[in-house]
Amino acid sequence: MPSPAPSDDILTRPRRHPPMNPPMSTERYNAREAEPRWQKIWDERGIYRTRNDDPRPKYYVLEMFPYPSGRIHIGHGRNYVMGDVVARFKRMKGFNVLHPMGWDAFGLPAENAAIERKTHPREWTYENIATMREQLKLLGLSLDWSREIATCDVDYYGEQQRIFLDFFKGGFVYRRESEVNWDPVDNTVLANEQVIDGRGWRSGALVERRKLAQWFFRISDASDELLAGLDTLERWPEKVRLMQRNWIGRSEGLHVRFALENPAPELPQEIKVYTTRPDTLFGASFLALSPGHPLTETLAATDPALKAFVEECRRGGTSTAEIETQEKMGYDTGLTVAHPLGGPHLPVYVANFVLMEYGTGAIFGCPAHDQRDYDFASKYGLPITPVVLPPDADPASFELDGGPYEGDGTLFHSGFLNGMSVPEAKEAVAARLEGELLGNSAVGERAVNYRLRDWGISRQRYWGCPIPIIHCDACGPVPVPQDQLPVRLPDDVSFDQPGNPLDHHPTWKHVTCPHCGGPARRETDTMDTFVDSSWYFARFASEPGTAPLQKAAADHWLPVDQYIGGIEHAILHLLYSRFFIRTLKKLGRVSIEEPFAGLFTQGMIVHETYKDTAGKWLFPEEVEKRPDGTAVKVGTGEPVTVGAPEKMSKSKRNVVPPEIVADTYGVDCARWFMLADTPPERDSEWTSAGIEGAWRFVQRIWRLVGDTTALAPADTPMPDRFGDEPMALRRASHRLAAQVADDVERLRFNVAVARVHSFANQFGDAIGAARKAGVTPDWAFALREAAAFLVAVVAPMVPHLAEECWAGIGGAGLAAEAGWPEIDPALLVEDTVTLPIQINGKRRGEITVPKEASPGEVEKAVLALELVSQALDGRAPKRIIVVPQRIVNVVA
RNA sequence: GCGGGUGUGGCGGAACUGGUAGACGCGACGGACUCAAAAUCCGUUUCUGGUGACAGAGUGUCGGUUCGAGUCCGACCACCCGCACCA
């Protein structure tokens, strides 16, 4: 899924040292020593292994699994850390948490690596996985590694083949011709990202469109339910739901059949168009067919000029930028159609802007009320008749001012529609045309259209899940029999020649037909990797070593309670997964419909970029910032240009490897930094000042806890009475636990961090006060409690430090297995409240009253204040507004 | 073009359903400790005027609703994101 950029020379890169003494003295928390030690203990005790038969309520938290591209940098870590905080927090709250990890391991880069470095895609992939697994472990994530999977594991893709065949038998898959990008020099199919400026990325040849038979999933049949399902996804960002809604693109309109006049015998009797503006039918001045329309093809067979025109339309890239700038082009076929409502006869054109894939591949053009039709009609001298009159315009004098009018209004020049509003006219036309016959069926038929197209899953590639079909000349496409599954990828493949290695493998594709026993060929296409990622979250539900997709396990764990990933997957991955799970339900393989109950899209980590005088990108470690704001190259003093913060990427070298952060500050600092300051959905800038701030705070927690254990004896019993100050500290401790729990539930990590900071300030003051006053039993208890609460509250965020502190205060077991602090509700309630006093809306003072004081009592107390009587200057106030617990406003 | 979002100190950002704007952090400045430095601790830090208690202004701009607006409404400006010949 995300495509992390590898960084090759991390281990030789210069290190930045911590801003202080080496963290070795006993005064300081030594993360470098403590972190691996705790990770080993967690690992040995297997505390993050999840069992399906655990009776506690389940909670499934998942981060989008990575593509194993090589190495991760710190920019990739943010979503894993956020997920980890949620997982650890929910464990403390008593849930049986599933928090797994895997690899989106098929895909093109492995084949490119095979070509460039002569390594096998399998080796390259599994080596990358090994590296990245260690890097992720370094982050101290509480993952159940026993459930790890890679989509290129035979077990996984074998199950996927079974699912494909279920889809096939259920009628959710079909095969049809579809266009691909064809590189005529390399004789190979190119992915969209391999086409650069209309040319093959490797050969530089102009890319052609070529038709190939390919497999499709019938996702467009599910348009309506996918759309309706969005309304049930209350814990998804509104933005993502909107993007999916637009992508599905439902529209309501009318199919209208136009009778061809004097058609030649080989031609059809009619042309069917789709329109969402039947109200503008009297303004129609032409019909336009797509170059790919069947009628176009029929006509082109006997009309060389039309054939040339169609070919010209085919040329040119498929990129949106090109389509966007393309001029409207048309070809007059000489045919005409009758107007269904008795208007003038209309010429039939073929036009480059009419899409075959949408609607019926044919339109009627109403130039006065559609920009595209207006452009077209202007170019070809077709009539432009306004039929919708804008509000307040005069029908006698109304003229278009240089463009179409696409707004609302009243119909005119439109026969029986005159005077109607646009919606009324739409309805009237639909009703009229439904009742009229052309041949044996109605001229008009109401229709719903979707923008969503079927999902083409065929890829002419080696490193993907083989499509388990055998092609027989006699029997057609035949499923691979169950006992011959999985269809394994052959290992002995060569990447010496262009094209699909499966296709030119000497033996692999030659098989006998399971049906008739005759000679047959395997399908050599593999599946789109989006198929792999459409059900991996269901695979994690099964215990390791068991069948990959188990109904009971999937029904137990799904839907994912909290899914976390980048916004770039807002449409395809999430929509495909939704379709996949719905289809699996229809096939009886799971019982749920929506795979992800809660979705969160996190922001990226960005970093400044650096260039030397030669324009070469520099790593952050190669750059030294001067106090005057300029930057120079370490060692040489050469000036460095500092660029704006951008997404971390290998090519721009603005990456920070997790190893260096772990070595210098410890990963807890990195985790704290990633959670602090910036709201999690926004991009966050990685800075050395920020990580140093995190380092200081980690040390601060350590000191607060250390000071407490030195001052207050362990196991101090709870005294009957508390002094004001210890009581205030207790209130703060309990409030902290309540508020941070709320913040984490709402994924407001930056706010949670701020609260912890704020509490630390208060805790520090309390320690000072206790020292001064003498550590009485009430102080001792309050301090110990504060330390225990603080450690527990930060445990999800800085788990290693928490363990070290937990051990220091004599906590039972591991912090990772401790529960969330028990909050005494009585301590969350204050008995007095301080209200600000406004005079005429401006804050002029405040008053402290008992919490239960009635508005009348508050009013009396406020009026008694000197600042109020001064402001009133003897007059009676016009009005006093008392908002209980909030504010008092005196209107003088 | 269509749809959506965001605008708050030098910076990242807080502010529950309309109720003390600037929490918390970063940076900066001043001080304590130290032979000195680092670390740590304390204080100041929206702007303007004033030595000062204090006064005035202030959440992109303009207007509105309200006792009270960062928050709600209308118009506009800027930036960001998504989609884009979808009939």
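All chains are named by letter (A, B, ...) in the order of the sequence lines, taking the proteins before the strands, and each is independently numbered beginning at 1. Small disclaimer: the values here were computed from a predicted structure and weren't measured.
Within 4.0 Å (heavy atoms only), R250(A) reaches no atom of the nucleic acid at all. Within the nucleic acid shown, S251(A) comes within 4.0 Å of sugar-phosphate atoms alone, with no base atom in reach, counting heavy atoms only. Among the heavy atoms of the strands, none lies under 4.0 Å from A676(A). Within the 4.0 angstrom heavy-atom criterion, only backbone atoms of the sugar-phosphate kind lie near K842(A); the bases stay farther away. Using a 4.0 Å heavy-atom distance criterion, V753(A) is classed as making no nucleic acid contact. At a threshold of 4.0 angstrom between heavy atoms, the contacts of N840(A) with the nucleic acid are absent.
One finds the CD atom of Q602(A) at 9.5 Å from the CD1 atom of I567(A) (value rounded to the nearest 0.5 Å). Separation of atoms CH2 (W247(A)) and CG (L572(A)) is listed at 5.5 Å; rounding is to 0.5 Å. Separating the CG atom in L599(A) from the NE2 atom in H569(A) is a distance of 11.5 Å, to the nearest 0.5 Å.
Rounded to whole Å, the C1' atom of G12(B) lies 33 Å from the corresponding atom of G50(B). Nucleotides C72(B) and A14(B) place their P atoms 16 Å apart, quoted to the nearest Å. On the P atoms, A53(B) is 34 Å away from A36(B), given to the nearest whole Å. Rounded to a whole angstrom, the distance from the P atom of C76(B) to that of G19(B) is 28 Å. Going from the P atom of C42(B) to that of U59(B) covers 33 Å, rounded to whole Å. Rounded to whole Å, the P atom of G70(B) lies 23 Å from the corresponding atom of C77(B). A gap of 22 Å separates the P atoms of G56(B) and G10(B), to the nearest Å. Comparing G43(B) with U61(B), their P atoms sit 34 Å apart, to the nearest whole Å.
Base pairing of G1(B): its partner is C83(B), meeting the Watson-Crick or G-U wobble criterion (both donor-acceptor distances under 3.5 Å). In this structure, A21(B) makes no Watson-Crick or G-U wobble pair, since no nucleotide meets both defining distances under 3.5 angstrom. Across all strands shown, A57(B) is found opposite U46(B) as a Watson-Crick or G-U wobble partner, with both distances under 3.5 Å. G10(B) is paired with C26(B) under the Watson-Crick or G-U wobble criterion, all donor-acceptor distances under 3.5 Å. Applying the Watson-Crick and G-U wobble criteria (two distances, each under 3.5 Å), A38(B) pairs with nothing in any strand.
For the OP1/OP2 pair of C41(B) and a distance below 4.0 Å, the side-chain nitrogens and oxygens of R700(A) include at least one atom meeting the criterion. Residue Y358(A) places at least one side-chain N or O closer than 4.0 Å to OP1 or OP2 of A87(B). For the OP1/OP2 pair of U6(B) and a distance below 4.0 Å, the side-chain nitrogens and oxygens of K239(A) include no atom meeting the criterion.
Where L242(A) and R879(A) meet RNA chain B, the nucleotide closest to each residue was compared, and L242(A) sits on the side nearer the 5' end. Of the residues near RNA chain B, T678(A) and D373(A), the one whose nearest nucleotide (by heavy atom distance) lies more toward the 5' end is T678(A).
Applying the 90° cutoff around 0 to the glycosidic angle, G50(B) is assigned anti.
Note: CD1 (I701(A)) to C1' (G25(B)) measures 14 Å, nearest angstrom. Rounded to an integer number of Å, the gap from CZ of F749(A) to C1' of C24(B) is 17 Å. D707(A) has its CG atom 12 Å from the C1' atom of C41(B), to the nearest Å. The nearest whole Å value for the distance from the CZ atom in R682(A) to the P atom in G5(B) is 14 Å. One atom, CZ of R844(A), and another, C1' of A55(B), lie 9 Å apart when rounded to the nearest Å. With rounding to whole Å, Y374(A) atom OH is found 16 Å from G1(B) atom C1'. Between the CZ atom of R451(A) and the P atom of A84(B) there is a distance of 5 Å, rounded to whole Å. Taking atom CZ on R245(A) and atom C1' on A84(B), their separation rounds to 19 Å, with Å as the unit.
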| request: Classify every nucleotide of nucleotides 16-23 of chain B by which part a protein heavy atom approaches to under 4.0 Å, writing B for the base, S for the sugar-phosphate alone and - for neither, in 5'-to-3' order. | output: B--BB--B
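Residue R696(A) has its side chain nearest to C26(B) when only C26(B), C24(B), G13(B) are considered.
Ion pairing between D224(A) and R250(A) holds under the 4.0 Å rule for side-chain N and carboxylate O. Under 4.0 Å is where a charged nitrogen must lie from a carboxylate oxygen, and between E427(A) and R446(A) at least one such pair does. A salt bridge links R746(A) and D742(A); the closest N-O separation between the charged side-chain nitrogens and carboxylate oxygens is under 4.0 Å.
A side-chain donor from one of D375(A) and Q371(A) sits under 3.5 Å from a side-chain acceptor of the other.
For a distance-only test at 3.5 Å, the side chain of K328(A) qualifies as a donor-acceptor partner of the base of C85(B).
Shown here for C669(A) and V698(A), the closest heavy-atom pair between the two residues is SG-CG2, 3.9 Å. The two residues T360(A) and V273(A) have their closest heavy-atom pair at OG1-CA, 3.3 Å.
In this structure, K328(A) forms no cation-pi arrangement with F376(A), as its terminal cationic atom is not both closer than 6.0 Å to the ring centre and no more than 45° off the ring axis.
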